[in-house]
Each structure stands twice: as structure tokens, then as C-alpha cells.
Amino acid sequence: MITKGKSIYDIHDFQREVIERSFQVPVVVDFWAEWCGPCKILGPILEKLVQAQRDRWVLAKVDTEELTDEAISYGIQSIPNVKMFFEGKVIGEFVGALPEYAVSQWLKKVLPGKNTNQIEAAKALLQENQEEEARRLLERIHEEDPGDAETSVLLAKCIVLTDPAAAASLVANIDEPKLGEQREMITTFVYLFDIAGRPDLLPQAPAKQLYLEGIAAIRKGEFTAALKKFIEIIRADRYYDEDGSRKACIAIFKYLGEEHPVTLEFRRDFSNALY
């Protein structure tokens with residue numbers, strides 16, 4: 001192995017220097033060749049980015065003229081070809097000499113977080129309804145890495161029923177598409193709890209009292225009761241509070257998860273009420 005820097009390597013032993021190392025840190029592999037013009041454009045971009053993010057990933061430079069078997073094994077038909085390996089597997093890739101901004105966006109999308117294993121543990125706790133344990137774990141992760149968007153969303157989910165203002169703050173600046181539905185769920189709950197505290201702002205209509213009762217049921221975690229009330233409003237006054245009951249039902253389903261028994265029980269009633 002020829003070391004170009006702490007984060008940049010020319011690879012000669014793919015199994016050891018890419019596959020095995022990817023269990024310690026994400027490895028971005030740049031498949032290139034000396035004769036490839038676009039490779040000479042992309043290479044410096046990758047090297048610049050890895051130097052700026054050296055605590056997050058490393059860059060492996062693979063000369064396809066030298067490691068032909070590896071290039072064939074990973075289906076390299078044109079270069080430059082970039083693949084990210086994590087825990088022995090390819091988790092993201094692109095082909096061609098992308099500009100620096102596009103490469104940065106790709107890294108942002110596919111790069112595992114610093115606390116991936118702990119986040120997965122928190123998700124498992126949430127699945128097992130151990131919300132207090134999940135919250136404590138997520139608070140520790142968030143303290144160590146406050147910029148991790150997934151941690152912020154998960155922590156916001158844990159506290160949105162008890163501290164909606166703090167939950168709103170956690171997700172305020174998150175714009176990652178993959179977290180969009182969870183962020184929308186949280187912002188919907190925050191809106192509902194806020195409007196319930198200012199009921200004079202709601203339209204005067206027969207649905208108003210039932211709407212407030214549905215919001216109160218969410219706040220207590222009584223999701224079956226809440227869904228019954230919101231579905232009743234959808235049938236009688238679909239667009240009350242700008243379609244608020246539909247949004248509330250969707251937020252509850254996202255909060256509970258698509259496979260939760262309550263979601264499965266009420267999905268059909270919800271769809272029937274809409275259509």
C-alpha cells in the first residue's frame with residue numbers, strides 16, 4: 001500500500017484495504033486509470049473533500065489497469081467510477097466526473113453517520129416501545145453530534161407529545177428528503193398542539209369540538225380515540241381547518257409506523273372516509 005495521506009490510499013490489496021477496512025470507516029473507492037482524462041478532473045475533487053472530512057471517510061484509489069480482477073468483479077465498464085463501501089458492502093455509487101457540489105451532495109446522501117450503530121439501537125428501542133431508553137440514548141448522541149439530522153428527527157419524535165416546542169426546534173432546519181415524512185409528522189403535531197392552545201383561531205363549525213378532542217387524544221397518546229374522531233370529521237366536514245383531520249391521521253400513521261396494529265386497523269376506514 002502506498003500512503004498518499006492519512007485519508008488517501010493507493011490500493012493493492014482490495015480485500016484488506018477496502019473490504020476489511022470498511023468495517024472501521026466508510027471507504028470511497030475511486031476506480032480510475034492513467035489514460036482517463038475525466039479521472040484526472042474527478043480525482044482532485046475527491047482528494048479535496050476527503051481532506052475536509054477526514055474524520056468521516058477515507059479515499060481508496062484503485063488503478064483499473066492494475067487491479068483488473070476487482071474492476072471486473074464490481075462491474076466497472078466506464079471510468080471514473082466511484083463506490084462507497086461500508087461494512088463490506090457497496091452502499092452508494094456514481095459514474096463520471098461530477099462537479100464538486102454534486103459529489104458533496106452525493107456524500108451527504110450516502111455517508112453513514114458517526115453514530116450509525118447507536119442510532120439503529122435507538123430505533124430498535126422505539127420499535128419495542130422503550131421510548132424512555134431511546135430518548136436517553138438519542139440525547140447522548142445528539143449532544144455528541146448535534147448536526148446529525150436523523151438523530152434530531154428521532155429525538156423530536158420521542159419528545160413531540162411532551163415538549164412540542166423543543167421538537168419543533170430540533171427539526172426546524174432539516175431538509176433531507178429521506179427524512180421529509182418524519183419531519184412533516186412532527187410539524188403537524190406541533191401545529192395541532194399549538195392551535196389547540198388557541199382555539200379561538202379555529203373556524204366556528206360543528207366539527208370544532210370534535211377536532212379539539214382529537215388533538216387532546218393525540219397529546220395523551222390515545223391514538224385509537226384520536227383516529228376515530230378525525231375520521232368522523234373527514235366524513236362530515238372534510239376540509240375543516242384546511243384539511244386538518246386528514247393531515248392529523250397521516251401524522252398518526254407515520255408516528256406509529258405502517259405495521260402498527262392501530263395503523264392497520266384504521267387505514268381502510270381512513271381511505272373510505274376520503275373517497
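This chain uses plain numbering: 1 for the first residue, then up along the sequence.
Within the model, atoms CD of E66 and CD1 of I11 stand 10.0 Å from one another, a figure rounded to the nearest 0.5 Å. Rounded to the nearest 0.5 angstrom, I195 CD1 and L212 CG are separated by 9.0 Å. To the nearest 0.5 Å, atom CD1 of residue I231 and atom CZ of residue R246 are 13.0 Å apart. Rounding to the nearest 0.5 Å places CD1 of I76 at 14.5 Å from CH2 of W32. Atom CZ of R238 is separated from atom OG of S245 by 9.5 Å, given to the nearest 0.5 angstrom.
The shortest side-chain heavy-atom distance between Q130 and L126 does not fall under the 4.5 Å cut-off. For the pair L49 and W57, the minimum side-chain heavy-atom distance is below 4.5 Å. Residues R235 and D269 are in side-chain contact: their nearest non-hydrogen atoms beyond the backbone lie under 4.5 Å apart. Looking at heavy atoms from C-beta onward, L137 lies in side-chain contact with R140 at the 4.5 angstrom threshold. Proximity of D145 to T151: side-chain heavy atoms (C-beta onward) are nowhere separated by under 4.5 Å. Side-chain contact between F266 and T224: present, with at least one pair of heavy atoms (C-beta onward) separated by less than 4.5 Å. Under the 4.5 Å side-chain criterion, counting only non-hydrogen atoms from C-beta, P26 is in contact with F86. For the pair H260 and F253, the minimum side-chain heavy-atom distance is 4.5 Å or more.
Each of I41 and V62 belongs to its own hydrophobic cluster when Ile, Leu, Val, Met, Phe, Trp and Tyr are linked at side-chain heavy-atom distances under 4.5 angstrom. V95 and V27 are members of different hydrophobic clusters when ILVMFWY side chains are connected at heavy-atom separations under 4.5 Å. Transitive grouping of hydrophobic side chains (ILVMFWY, heavy atoms separated by less than 4.5 Å) brings L274 and I252 into a common cluster.
Atom CD of E143 has 12 or fewer neighbouring heavy atoms from other residues, nucleotides or ligands inside a 6.0 Å radius. The number of heavy-atom neighbours closer than 6.0 Å to CD of E184, taken from other residues, nucleotides and ligands shown, is 12 or below. The environment of CD in Q127 is sparse: at most 12 heavy-atom neighbours from other residues, nucleotides or ligands sit within 6.0 Å. Surrounding CD of E128 are more than 12 heavy atoms belonging to other residues, nucleotides or ligands, all under 6.0 Å away. Other residues, nucleotides and ligands place more than 12 heavy atoms under 6.0 Å from the CD atom of E133.
With respect to D30 and K61, a salt bridge is recorded, a charged nitrogen being found less than 4.0 Å from a carboxylate O. Look at K178 and E150 and you find no salt bridge, because none of the NZ, NE, NH1 or NH2 atoms lies under 4.0 Å from a carboxylate O. With respect to K40 and E34, a salt bridge is recorded, a charged nitrogen being found less than 4.0 Å from a carboxylate O. Salt bridge E131/R135: absent, no basic N to carboxylate O contact under 4.0 Å. Using a cut-off of 4.0 Å between Lys/Arg side-chain N and Asp/Glu carboxylate O, K123 and E120 are scored as salt-bridged. No salt bridge links K228 with E232; every basic N to acidic carboxylate O contact stays at or beyond 4.0 Å.
Under the 3.5 Å distance criterion, the side-chain polar atoms of T162 are matched with a main-chain donor or acceptor of I159. Remark: side-chain polar atoms of K254 are not paired, donor with acceptor, to backbone N or O of I186 under 3.5 angstrom. At distances below 3.5 Å, at least one donor-acceptor pair connects side-chain atoms of K247 with backbone N or O atoms of E242. Side chain of T64 to backbone of F31: no donor-acceptor contact under 3.5 angstrom is found.
Checked against the 6.0 Å centroid criterion, the rings of F270 and F230 do not qualify as a close aromatic pair. Between Y74 and F14, the gap from one ring centroid to the other is short of 6.0 Å.
Under the ring pair (Phe, Tyr, Trp, His ring centres under 6.0 Å) criterion, W106 pairs with F94, sequence neighbours left out.
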Starting from the C-alpha separation in whole Å, work towards a yes-or-no answer on side chain to side chain contact (heavy atoms under 4.5 Å, CB included) for V90 and M84. CA-CA 6 Å; V90 176; M84 181 181 289; over 6 Å; no
